[in-house]
Participant: 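Handing you a structure now.
Please read all numbers here as calculations on a predicted model, not as lab measurements. To find a chain, count down the sequence lines: A is the first, B the second, and so on, and within it residues start at 1.
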2 protein chains.
Amino acid sequence: MVVDGVAEEAEAGTDRLFQALADLTRRDILRRCARDELSVSRLAEAYPMSFAAVQKHVAVLERAGLVVKERRGREQLVRTDPEALDRARRALDELEAAWRGRVERMSDLLAEAPEAESETRQPTEGQSR
Amino acid sequence: MVVDGVAEEAEAGTDRLFQALADLTRRDILRRCARDELSVSRLAEAYPMSFAAVQKHVAVLERAGLVVKERRGREQLVRTDPEALDRARRALDELEAAWRGRVERMSDLLAEAPEAESETRQPTEGQSR
DNA sequence: TCCATCTACAACCATTTGGTTATACGTTAC
DNA sequence: GTAACGTATAACCAAATGGTTGTAGATGGA
């Protein structure tokens, strides 16, 4: 449980990350705020929905760590965190490692048992890929 | 509209992709089914929830194209599609391109206008922040 | 000071999501 | 053939999501 604490939080963070990315409006906000720093109202003008709705989308992105808000006077400037997509990518890498793991194990089989393979497909066959 | 048709579907697909990844149980299913092909009931044994719940998770993964089901006798074997994570990665790349674009444009500014920039904000003015 | 602007937040609503149980159907084993 | 197994699907429920409107608090400019 104690050890799980950190892992659980990491997984919850991954949940929030992908969840935040799973919406077209939010992905578009990310694109816009990657190019420029935009205030929330400026952003809101771009979408066919209320200011409050856009504000909520920004909040979701912020909780996911994809975006950072910086106050300037009465407006709040939004910019996407360049490091954030790296985290997303790392999450994918971690998933991919699972079946890279499978490949490794297959290599292990081939490496550790250089002879006596009766059940794997014959080398005589023109091998697939 | 006609042109949008394909883009819309692509974006909807991206929604489903990230949505499917935004759940710990589903990510775990992906890991397990990357290593081995597992039947749905076999999978269900691994989680503290009903068979039907796991079945729904698999359905979400399938709709997102992250997983493929193959019938063998009375059981349905699930395996993750190796190509799927590539699609997720490509979606991230497309997002990242947005601020790679920003960097390019900044380089462009520096490269194309080595002098005579009158309309960008003056370094001399203590600007209004 | 007064007003317009930008933001925050609450209350509400419809739909989706993640779970449950129950039931029905096809397949395998005995 | 019958029983056990694996799957599919429906009906239901609570909570989360994506949207709305309304109200109130700061801030900046006239």
Participant: Considering only heavy atoms, which members of residues 19-32 of chain B lie under 4.0 Å from some atom of DNA chain D?
Facilitator: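 DNA chain D contact set from residues 19-32 of chain B: none.
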Participant: Taking only residues at least two apart or on different chains, which pairs with a member in residues 45-65 of chain B satisfy salt bridge (Lys or Arg N to Asp or Glu O under 4.0 Å)?
Facilitator: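 Residue pairs passing salt bridge (Lys or Arg N to Asp or Glu O under 4.0 Å), neighbours aside: B:E62-B:K69.
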Participant: Just jot down the side-chain hydrogen bond (donor to acceptor under 3.5 Å, both in side chains) partners of B:D86, sequence neighbours excluded, or say none.
Facilitator: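 With neighbours one apart ignored, the set is empty.
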Participant: Report, as a single string ordered 5' to 3', how protein heavy atoms within less than 4.0 Å touch nucleotides 21-29 of chain D: B base, S sugar-phosphate only, - not at all.
Facilitator: B-----BS-
Participant: Could you give the distance from CG (B:L66) to CG (B:L21), rounded to the nearest 0.5 Å?
Facilitator: 5.0 Å
Participant: Which residues in residues 60-67 of chain B have at least one heavy atom lying under 4.0 Å from any atom of DNA chain D?
Facilitator: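 Hits under 4.0 Å, by residue number: none.
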Participant: Using the side-chain contact (heavy atoms from CB on, under 4.5 Å) criterion, which residues pair with B:R72? Sequence neighbours excluded.
Facilitator: B:E75, B:L77
Participant: Nearest 0.5 Å, please: how far is CZ in A:R74 from OG in A:S41?
Facilitator: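 Nearest 0.5 Å value for the OG-CZ distance: 9.0 Å.
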Participant: Specify the separation, in whole Å, of atom NZ of B:K56 and atom P of D:dA11.
Facilitator: 12 Å
Participant: Please collect all salt bridge (Lys or Arg N to Asp or Glu O under 4.0 Å) contacts where either partner lies in residues 14-27 of chain A, sequence neighbours excluded, each pair once.
Facilitator: A:E9-A:R16, A:D15-B:R27, A:R27-B:E11, A:R27-B:D15
Participant: Between atom CG of A:L30 and atom NE2 of A:H57, what is the distance when rounded to the nearest 0.5 Å?
Facilitator: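 These two atoms lie 11.5 Å from each other.
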Participant: For B:A53, enumerate each residue passing the side-chain contact (heavy atoms from CB on, under 4.5 Å) test, keeping only those at least two apart in sequence or located in another chain.
Facilitator: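 Scan of B:A53 (side-chain contact (heavy atoms from CB on, under 4.5 Å), adjacent residues dropped) gives B:M49, B:S50.
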Participant: List the residues meeting salt bridge (Lys or Arg N to Asp or Glu O under 4.0 Å) with A:R89, not counting sequence neighbours, and say none if there are none.
Facilitator: B:D93, B:E96
Participant: Can you give the first and last nucleotides of DNA chain C, 5' to 3', that have an atom under 4.0 Å from a heavy atom of chain B?
Facilitator: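 Using the under 4.0 Å cut-off, the span is C:dG18 to C:dT28.
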Participant: A quick test of your reading: do over 12 heavy atoms of other residues, nucleotides or ligands sit less than 6.0 Å from CZ of A:R42?
Facilitator: no
Participant: Taking CG from B:L43 and C1' from D:dT7, how many angstroms apart are they, rounded to a whole number?
Facilitator: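 Spelled out: CG on B:L43 to C1' on D:dT7 is 13 Å.
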Participant: D:dA8, OP1 or OP2 - any side-chain N/O from B:Q55 closer than 4.0 Å?
Facilitator: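 Checking B:Q55 against D:dA8: at least one side-chain N or O falls below 4.0 Å of OP1 or OP2.
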Participant: Going through the checks in order, is the side-chain contact (heavy atoms from CB on, under 4.5 Å) test met by A:L43 and A:C33?
Facilitator: CA-CA 9 Å; A:L43 267 176; A:C33 295; 3.8 Å; yes
Participant: Distance check, rounded to the nearest 0.5 Å: B:R31 atom CZ versus B:D28 atom CG?
Facilitator: 5.5 Å
Participant: Tell me: NZ of B:K69 to C1' of D:dT7, nearest whole Å?
Facilitator: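 Those two atoms, NZ and C1', are 8 Å apart.
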Participant: According to a 4.5 Å side-chain heavy-atom criterion applied to Ile, Leu, Val, Met, Phe, Trp and Tyr, with indirect links allowed, do B:V54 and B:V60 form part of one hydrophobic cluster?
Facilitator: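 Cluster IDs for B:V54 and B:V60 differ.
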